[in-house]
Amino acid sequence: MTLLYLDDSFANHKTGSHPECPARILRLNELLRSVGWADQTTTPQWSAATPEMLARVHTPAHIAQIQRWDQEEAGQVEADTLVFAGSYLAAARGAGAACDAVSRVLRGESLRAFCAIRPPGHHALVDAPMGFCLFNNVAVAARHALAEGVERILIVDWDVHHGNGTQDMFWDNAQVGFYSSHRFPFYPGTGKRDETGTGAGLGYTRNLPVPGNISAAEFIASFKADLASFADLIRPQIILLSAGFDAHPADPVGGLCLEEEHFAELTHFISDLAITHCHGKIVSLLEGGYHLNYMPLSAKAHLEALHNSSPNLA
């Protein structure tokens, strides 16, 4: 059965009227419960990521700074990012959910997990918060998978914004392939096609920058062809998905061409890749998506496709 990390405590990262607000997670949780997904899935008990787990990708000084800002209720700590009392625990609990999901999927408890967490993570840098993000959840999860003995990981990021923090963290790493589709030019300004890694990691980063006026059909065709060849190169033992839903045309912070049915189609495609390469193992983490109606609907469509496309564990 699919693992669903669902917890209202993520609303304790209190950001007021900021686009990355508590209502995002509360609306999503309410929808998933109201249509029965809490009953059709398994919600594990899990712990927050420890400072040692976070330090696999972040400097100790950065982790301590987030703790201090939390205690001080610092407010705006970066151009787009807020920290108040409760923010550190919410962020560490999100990273902890990602790690717990990886462990359970690798142990064979389930082949699929969706972590409905906030704040998002893919812009967070080694030593600084950025773009609503405090800790880089998917990077922490990837390092956790490596610590558990996985040798090849594929991170797929379909958030409308480029996952610059994640890319930087694995820029020279041949064990972690990073694939990002994103609107370009757009925030944060990175993610050009010629950004492909360096050293041992050369060729293990691939970006699909797309114009803001691309059609869904064009996007999906390019995504499928490009990612399929990249997955063949990586041959992953697990796929980690940075699932942002701000590529929906109504999103107030992003906006592109993908609606609920398109996120479902992309999920089925990634499921097929996972079945081909890694016996179906996928851990998906919520990233962006700021429309309080369409983000929950898109995430629900993603969860349905993730669950319904899962092979049997036998």
Side-chain angles (χ1 to χ4, degrees), residues 1-6 24-25 27-43 97-98 101-102 104-105 109-117 120 138 141 154-160 179-181 208 216-217 219-228 230-231 236 238-251 254 256-289 291 293-313:
M1 182 176 282
T2 299
L3 304 173
L4 176 60
Y5 289 76
L6 192 74
R24 294 179 66 236
I25 207 70
R27 290 280 193 94
L28 174 57
N29 293 355
E30 180 183 16
L31 175 63
L32 296 180
R33 289 174 179 136
S34 70
V35 297
W37 275 106
D39 300 322
Q40 297 178 59
T41 54
T42 298
T43 299
V102 164
R104 292 177 189 272
V105 167
E109 291 184 26
S110 177
L111 293 175
R112 303 291 164 86
F114 178 57
C115 302
I117 58 178
V138 75
L154 173 59
I155 298 175
V156 179
D157 186 333
W158 71 36
D159 191 281
V160 77
Y179 182 87
S180 177
S181 62
L208 178 66
F219 179 98
I220 290 169
S222 296
F223 183 96
K224 287 181 176 180
D226 204 35
L227 181 56
F230 192 60
I238 188 170
I239 294 176
L240 306 180
L241 177 58
S242 278
F245 299 100
D246 41 8
H248 192 287
D251 192 272
L256 199 58
C257 57
L258 301 179
E259 303 198 36
E260 295 94 295
E261 64 270 24
H262 303 127
F263 289 115
E265 182 175 353
L266 295 179
T267 304
H268 281 291
F269 174 72
I270 291 171
S271 174
D272 289 342
L273 293 179
I275 291 167
T276 296
H277 292 286
C278 51
H279 307 289
K281 298 183 180 71
I282 300 173
V283 173
S284 175
L285 314 177
L286 179 64
E287 293 281 1
H291 193 289
N293 292 326
Y294 291 116
M295 183 279 280
L297 290 170
S298 298
K300 180 176 81 72
H302 168 59
L303 175 59
E304 289 172 348
L306 196 67
H307 178 80
N308 293 334
S309 63
S310 180
N312 293 326
L313 275 170

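Being a predicted model, the structure only gives us computed values, none of them experimental.
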Summary of side chain to side chain donor-acceptor pair (under 3.5 Å) pairs that have at least one residue in residues 272-283, sequence neighbours excluded: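 Every side chain to side chain donor-acceptor pair (under 3.5 Å) pair that includes a residue of residues 272-283, provided the two are not neighbours, is Asp232-His277.
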Heavy-atom side-chain contact between [X] and [Y] under 4.5 Å:
X	Y	result
Trp158	Thr267	yes
Leu286	Tyr5	no
Val156	Phe230	no
Leu6	Arg33	yes
Leu258	Val160	no
Trp37	Glu304	yes
Val138	Asp157	no
Tyr179	Asp226	yes

Which heavy atom in [X] sits nearest to a heavy atom in [Y], and how many Å separate them?
X	Y	result
Pro296	Arg27	CG-CB, 4.0 Å
Val105	Leu111	CG1-O, 4.0 Å
Ile117	Ile25	N-CD1, 4.0 Å
Ser110	Leu3	CB-CG, 3.7 Å
His307	Gln40	CE1-O, 3.8 Å

Asp246 side chain to Asp251 backbone, donor-acceptor under 3.5 Å: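 Judged by distance alone, no pair lies under 3.5 Å.
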Gap separating the CD atom of Glu287 from the SG atom of Cys115, nearest 0.5 angstrom: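 Those atoms lie 11.0 Å apart.
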Rounded distance (nearest 0.5 Å) linking atom NE2 of His248 with atom NE2 of His262: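 Result: 9.5 Å between the selected atoms.
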Pairing residues for Glu259 by the side-chain hydrogen bond (donor to acceptor under 3.5 Å, both in side chains) criterion, not counting sequence neighbours: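 By the side-chain hydrogen bond (donor to acceptor under 3.5 Å, both in side chains) rule, Glu259 matches no residue at all.
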Test side chain to side chain contact (heavy atoms under 4.5 Å, CB included) applied to His291 and Ser298, step by step: CA-CA 10 Å; His291 193 289; Ser298 298; over 6 Å; no
Heavy atoms from other residues, nucleotides or ligands near CD of Glu30 exceed 12 (cutoff 6.0 Å):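 No, CD of Glu30 has 12 or fewer neighbouring heavy atoms, counting only those of other groups under 6.0 Å.
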Phe219 CZ: over 12 foreign heavy atoms closer than 6.0 Å: yes
Whether Phe114 and His302 hold their rings parallel, tilted or perpendicular, with breakpoints at 30° and 60°: perpendicular
